[in-house]
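By convention in this document, chain letters (A, B, ...) are assigned in the order of the sequence lines, proteins followed by strands, and residues within each chain are numbered from 1. Quantities reported herein were computed from a predicted structural model and do not represent experimental measurements.
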Protein chains: 2
Amino acid sequence: MNEVSHMTTVAAATADIGSLFVTRQSVTLRQRVYEKLRQAIVERRLPPGTKLVERDLCEQLGVSRPSLREALRHLESEKLIEMVPHKGSVVAALKQRDVCEIYDIRAALEGPACERFAQLASEDDMASLMQAHAQLCKAASQSDSDGIFRAKTAFYQALFSGSDCAISQVLVSSLNTRAEVLRRMSIARKHRCLQILTEFEPIVEAAQKRDGAAMKASCIAHLEAAKAAALEQLSIVERENTAHDSKRPNKSG
Amino acid sequence: MNEVSHMTTVAAATADIGSLFVTRQSVTLRQRVYEKLRQAIVERRLPPGTKLVERDLCEQLGVSRPSLREALRHLESEKLIEMVPHKGSVVAALKQRDVCEIYDIRAALEGPACERFAQLASEDDMASLMQAHAQLCKAASQSDSDGIFRAKTAFYQALFSGSDCAISQVLVSSLNTRAEVLRRMSIARKHRCLQILTEFEPIVEAAQKRDGAAMKASCIAHLEAAKAAALEQLSIVERENTAHDSKRPNKSG
DNA sequence: ATGTCTAATATTGTCAGGCAATCTTTGCGG
DNA sequence: CCGCAAAGATTGCCTGACAATATTAGACAT
């Protein structure tokens, strides 16, 4: 909690230099507060079950209460925290059933997106996917888990963009945010990095052949493996928490 | 806009009288503001494209700006409105592709939920589903579109509850909210009411037989019909808007 | 020692007022 | 008509305050 640092005054406006069309997208303070808290949650600096006290958060983030409350609304909408009126917020915990359901839903959404991608993707879309895959290979060969994470994000963005499934993209992104703690932890294990490489190879080959059925099947196979890895991590975390709880009798009671 | 009325002072706390376990669930003002605005949007009193001005809304709703802003965050998270920093909010419009995607995603989530329901549902779950279906039949025979709407909501709640698909339920509910304008409009048409009855019959029969595959197939068939009805409504709305726009040259420009 | 009740404390929900930042509109001059 | 500056409108954010609600601490009885 002490590690939630004050925010830097980064320049807010960004311009789309890649085309003649200039769009300005300023970043509000509430968005930055949201991002800071989200990061603290996925990095487990605010672990599941932590009670969030507004006044304390305001002090540590250096922002006013209304701004914080709007950011908490955003976290709540993504189910990263749970709020009960008049009682406050706690960081949400994932149950086993949640993890299973998240990965099943991802399969249900990503599978059809693969089929559409194989049909609809432009050459630019295909190039974006290949670039993301190249980044993934590079990151995996270096066991750079942050790099893997970023490359996967880029990969999925290319997939959903090239298949014109914007709503699915939002939903999958939101589900990924919920499972992000476990995803980061499993990606951080060396042998999982190598597995991911193996799992993405057939996805990409099928995409290039524009074979939607094969791409879908490979994507789903990858998700099954990712689900198993996440469930394993969840077991480990739950065992840690049980050990942790027995060392401090009834303190969290 | 003038029709967004001041809120009544309904008692906030409700207790679960049905069991020995008493849970108190107070309803906050921001939740009530959210609900009021959501209702105004789905009833088209705040039509797509409407600019939402905070000060005006505060005046009409009789609430303070921070409370309104928190409610707007909720509407934003459900994509009912779109906000651009420093420019404000507009009520979101649905495009054809959105409608297609929403129904495809629903099929991808409700199909597997049907399979699980057939496997997992308790006798109580099954009874809840049958009760909802009975209400649906009653409402449809009376061409009571509000009643149909409520019965369908209860039906889906029973389905997701009995299949232990809580996350899918949240996602589907959110998608339904986005499409609610079109759904209400199509349900309001008499011949669509009768079709819905016909479409739900095989779903319910399959559920009773615990035949998951048949239930899934019937559910998906219903969704295909609902999609077609919603797309037809969208065309009608868009034609109205085009006619509307040509009667007022460049006023909304 | 345990249980119950009341008062004190902490926290959330909401309001009011203010000002800075940003965007949009209006008016004037070339 | 176009460009620019000023005025006006609106959003973003802060501060301070108070009501409502939940939790905790302390006192008292058993």
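Residues in residues 144-160 of chain A take part in these salt bridge (Lys or Arg N to Asp or Glu O under 4.0 Å) pairs, two or more places apart or across chains: A:Asp146-A:Arg184. Note on residues 89-98 of chain A: pairs passing salt bridge (Lys or Arg N to Asp or Glu O under 4.0 Å), not counting sequence neighbours, are A:Arg97-B:Asp164. Within the structure, salt bridge (Lys or Arg N to Asp or Glu O under 4.0 Å) contacts touching residues 66-78 of chain A (residues at least two apart or in different chains) are A:Arg30-A:Glu70, A:Glu54-A:Arg69, A:Arg69-B:Glu70, A:Glu70-B:Arg69, A:Glu70-B:Arg73, A:Arg73-A:Glu76, A:Arg73-B:Glu70.
At distances below 3.5 Å, at least one donor-acceptor pair connects side-chain atoms of B:Glu101 with backbone N or O atoms of A:Ile167. Using modelled atom types, no side-chain atom of A:Ser67 and backbone atom of A:Val63 make a donor-acceptor pair closer than 3.5 Å. Looking at A:Thr50, its side chain does come within 3.5 Å of a backbone N or O of A:Pro47 through a donor-acceptor pair.
With distances taken from any side-chain atom of A:Leu29 to the nucleotides D:dT10, D:dC13, C:dG13, the minimum falls on D:dC13. For A:Val63, counting side-chain heavy atoms from C-beta on, the closest listed nucleotide (C:dT14, D:dC14, C:dT24) is D:dC14.
Straight-line distance from the CZ atom of B:Arg55 to the P atom of C:dC15: 18 Å, rounded to whole Å. As a whole-Å value, the separation of A:Lys51 NZ from C:dA10 P is 14 Å. Atom CD in B:Glu54 sits roughly 6 Å away from atom C1' in D:dT11 (whole-Å rounding). If you measure from atom CZ of B:Arg32 to atom C1' of C:dG13, you get 12 Å, rounded to the nearest angstrom. Rounded to an integer number of Å, the gap from A:Arg30 CZ to D:dT11 C1' is 9 Å. Between the NE2 atom of B:His86 and the C1' atom of C:dT22 there is a distance of 6 Å, given to the nearest Å. A:Met83 places its CE atom 11 Å from the P atom of C:dT14, with the value rounded to the nearest Å. The nearest whole Å value for the distance from the CD1 atom in A:Ile81 to the P atom in C:dT12 is 11 Å.
Look at B:Arg38 and B:Glu35 and you find a salt bridge, because one of the NZ, NE, NH1 or NH2 atoms lies within 4.0 Å of a carboxylate O, short of that distance. Classification of A:Glu110 and A:Arg116 as a salt-bridged pair fails, no side-chain N sitting under 4.0 Å from a carboxylate O.
Phosphate proximity of D:dT11 to B:Lys87: absent, as no side-chain N or O sits under 4.0 Å from OP1 or OP2.
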Check your understanding: Just the dot-bracket of DNA chain D, please: which string comes out with Watson-Crick or G-U pairs under 3.5 Å, [ ] for crossing, | for another strand?
Key -> ||||||||||||||||||||||||||||||
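Within residues 64-72 of chain A, the residues that place at least one heavy atom under 4.0 Å from DNA chain D are, in residue-number order, A:Ser64, A:Arg65, A:Pro66, A:Ser67.
Residues forming a salt bridge (Lys or Arg N to Asp or Glu O under 4.0 Å) with B:Asp125 (at least two apart in sequence, or on another chain): none.
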